[in-house]
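Note on naming: letters A, B, ... go to the chains in the order of the sequence lines (proteins, then strands), and numbering restarts at 1 for each one. A quick note: this is a predicted structure, and the numbers were derived from the prediction, not measured.
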2 protein chains.
Amino acid sequence: MARTVFEKADAVALVAEVFRELGYEGATLSRITERTGLGKGSLYHFFPGGKEAMAAEVLAHVDGWFAANVFRPLEQDEPRLAIAWMWNTIDEYFRSGRSICLVGTFSLDATRDRFAGAIRGYFTRWIAALQQALIRAGTEAEAAGRQAEAVVIQLQGALVLSRALHDETVFARTLRRLAAELPR
Amino acid sequence: MARTVFEKADAVALVAEVFRELGYEGATLSRITERTGLGKGSLYHFFPGGKEAMAAEVLAHVDGWFAANVFRPLEQDEPRLAIAWMWNTIDEYFRSGRSICLVGTFSLDATRDRFAGAIRGYFTRWIAALQQALIRAGTEAEAAGRQAEAVVIQLQGALVLSRALHDETVFARTLRRLAAELPR
DNA sequence: GTCTATACAGTGATAGAC
DNA sequence: GTCTATCACTGTATAGAC
């Protein structure tokens with residue numbers, strides 16, 4: 001059988017998907033091995049810190065992706081454009097609700113305490129970035145804060161409900177509703 | 001050491017709390033034993049079906065509680081009164097966001113597939129009950145459906161964010177915002 | 001970098017004494 | 001009903017060959 005050689009970046013992306021689907025506790029090493037095709041040897045070569053290091057790197061990877069594709073545009077680009085861009089990016093990223101938010105999953109059980117800093121950082125930056133964009137688009141500061149928080153809440157909630165009902169239309173519908181409520 | 005004798009109802013309530021805090025995979029038998037004070041002997045006496053039966057009964061218990069305290073009032077009582085009652089009940093139940101939704105937690109990882117029916121039933125009945133109340137309060141049917149779904153989404157999302165940020169005010173703020181948007 | 005073999009604690013579950 | 005002892009198995013992690 002042909003050996004497949006991975007780079008670390010590939011490994012992180014593959015492992016991320018397993019954590020996303022199964023949660024931290026549900027993602028056992030054997031399931032990670034089985035779903036990624038990476039043997040234990042490879043996994044511990046890439047992540048000498050073991051399972052906790054895998055999850056930490058995966059969180060950092062997700063945060064980096066959002067920083068580049070969502071947070072920075074909101075912070076720096078033309079605000080209405082960045083907000084419109086966010087709806088599309090988010091819809092693609094969560095595959096219209098079929099995939100879910102790894103950070104959200106980690107928030108709900110005791111995994112939160114293991115990665116408290118990374119989890120808090122992700123959400124606070126998202127809310128702050130969106131608030132700034134709204135302010136620059138002409139919204140009053142306090143209202144912008146409330147609105148930004150409400151958007152993140154509804155995205156997370158829509159992911160929960162989408163998955164609970166096996167119904168992708170929930171997420172798409174929520175995105176459309178939010179887009180209509182915010183400055184365009 | 002004094003032996004404490006439990007009834008099954010006590011056992012279900014105690015076990016529920018462990019699943020809520022740790023999730024299905026995180027709630028190992030030893031952690032359940034340690035946090036409830038119930039030995040394995042007692043647990044398997046109450047739940048011959050093992051861990052999966054524990055979670056199933058816990059889900060049924062949660063559903064029963066919501067049926068009595070949230071769904072039936074929405075379905076049968078004066079709608080504006082039932083909606084006002086819901087905000088208070090929910091706030092207490094989730095201890096203002098410090099506690100989270102067991103059904104929501106189970107929705108996000110592979111646990112969903114284990115209890116798909118119970119999970120879907122809980123959310124569909126909640127949304128349908130709220131939609132009916134809104135219709136009886138004078139809202140047009142389709143708008144009532146959208147609004148009911150949005151409320152459940154935002155409650156779930158607020159629980160995620162509350163926990164992620166260690167910030168209870170998120171949940172309280174969301175409840176107030178929702179209460180202001182719905183008929184009173 | 002990937003594999004195999006292996007350590008050893010922890011997993012869900014059962015049986016029998018009280 | 002509750003306890004203790006124990007089962008077979010899976011959990012994370014490590015070591016060494018290639």
Side-chain angles (χ1 to χ4, degrees), chain A residues 1-59 61 102 105-106 109-115, chain B residues 1-59 61 102 105-106 109-115:
Chain A
M1 169 157 162
R3 275 193 341 171
T4 316
V5 178
F6 292 98
E7 308 232 331
K8 176 147 180 184
D10 303 323
V12 171
L14 286 168
V15 171
E17 195 50 32
V18 184
F19 278 118
R20 208 191 312 279
E21 281 176 29
L22 305 179
Y24 184 78
E25 300 282 357
T28 64
L29 284 195
S30 64
R31 284 201 262 247
I32 294 175
T33 299
E34 149 195 322
R35 297 194 184 208
T36 60
L38 291 154
K40 282 188 198 180
S42 309
L43 285 170
Y44 277 89
H45 167 72
F46 287 128
F47 310 98
K51 185 175 160 175
E52 183 150 3
M54 293 177 210
E57 295 220 39
V58 159
L59 275 173
H61 176 256
L102 182 112
T105 318
F106 280 13
D109 59 27
T111 311
R112 175 197 63 167
D113 304 317
R114 230 186 253 266
F115 306 105
Chain B
M1 160 142 171
R3 277 193 343 172
T4 317
V5 179
F6 292 98
E7 310 230 329
K8 175 148 182 183
D10 303 322
V12 171
L14 286 168
V15 171
E17 196 50 31
V18 185
F19 278 119
R20 209 192 310 280
E21 283 177 25
L22 305 179
Y24 184 78
E25 301 281 357
T28 64
L29 282 197
S30 62
R31 284 202 261 249
I32 294 174
T33 300
E34 148 196 322
R35 299 196 181 207
T36 61
L38 291 154
K40 281 189 198 182
S42 308
L43 285 170
Y44 277 89
H45 167 70
F46 288 128
F47 309 99
K51 186 175 162 176
E52 184 149 3
M54 295 177 210
E57 294 219 40
V58 160
L59 275 172
H61 177 257
L102 184 110
T105 317
F106 281 13
D109 60 26
T111 311
R112 174 195 63 167
D113 304 317
R114 230 185 255 266
F115 306 107

Asker: Whole-Å distance between dG1(D) P and L14(B) CG?
Answerer: 16 Å

Asker: Rounded off to whole Å, could you give me the CG-to-P distance for the L43(B) and dG12(C) pair?
Answerer: 11 Å

Asker: Measure OH/Y44(A) against P/dA5(C) and give the value in whole Å, please.
Answerer: 19 Å

Asker: Give the rounded distance in Å between these two atoms: CZ of F47(A) and C1' of dG1(C).
Answerer: 13 Å

Asker: Can you tabulate the close N/O pairs, meaning under 3.5 Å, that link protein atoms to atoms of nucleotides 4-8 of chain D?
Answerer:
none

Asker: Calculate the interatomic distance between H45(A) atom NE2 and dT2(C) atom P; express it in whole Å.
Answerer: 7 Å

Asker: Heavy-atom contacts under 4.0 Å between residues 48-59 of chain A and DNA chain D, which residues?
Answerer: G50(A), K51(A)

Asker: Compare every heavy atom of F115(A) with every heavy atom of A55(A), then report the nearest pair and how far apart it is.
Answerer: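 Minimum heavy-atom contact is CB-CZ, 3.5 Å.
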
Asker: Nearest to the side chain of S30(A), heavy atoms from C-beta on, is which of dT2(C), dT2(D), dG11(D)?
Answerer: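 Nucleotide nearest to S30(A)'s side chain: dG11(D).
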
Asker: Less than 3.5 Å apart, which donor and acceptor atoms pair up between the side chains of residues 38-48 of chain B and the rest of the protein, not counting sequence neighbours?
Answerer:
none

Asker: Got a list of side-chain donor-acceptor pairs under 3.5 Å for residues 18-29 of chain A, not counting sequence neighbours?
Answerer:
residue, atom, partner, partner atom, Å
R20(A), NE, E17(A), OE1, 3.3
R20(A), NH1, Y93(A), OH, 3.2
E21(A), OE1, R35(A), NH1, 2.7
T28(A), OG1, S30(A), OG, 3.3
T28(A), OG1, R31(A), N, 3.3

Asker: Below 4.0 angstrom, which residues in residues 18-29 of chain B have at least one non-hydrogen atom near DNA chain C?
Answerer: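 A27(B), T28(B), L29(B), in order of number.
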
Asker: Round to the nearest Å and state the distance from R31(B) atom CZ to dA9(C) atom C1'.
Answerer: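 Answer to the nearest Å: 13 Å.
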
Asker: According to salt bridge (Lys or Arg N to Asp or Glu O under 4.0 Å), does anything in residues 47-57 of chain B pair up with another residue at least two apart or in another chain? List the pairs.
Answerer: K8(B)-E57(B), E52(B)-R114(B)

Asker: K8(B) has an atom NZ; how far is it from atom C1' of dG1(D), in whole Å?
Answerer: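 Distance check: K8(B) NZ to dG1(D) C1' gives 14 Å.
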
Asker: How many whole angstroms separate atom CZ of F46(B) from atom P of dC3(D)?
Answerer: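 Rounded to the whole Å, the gap is 11 Å.
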
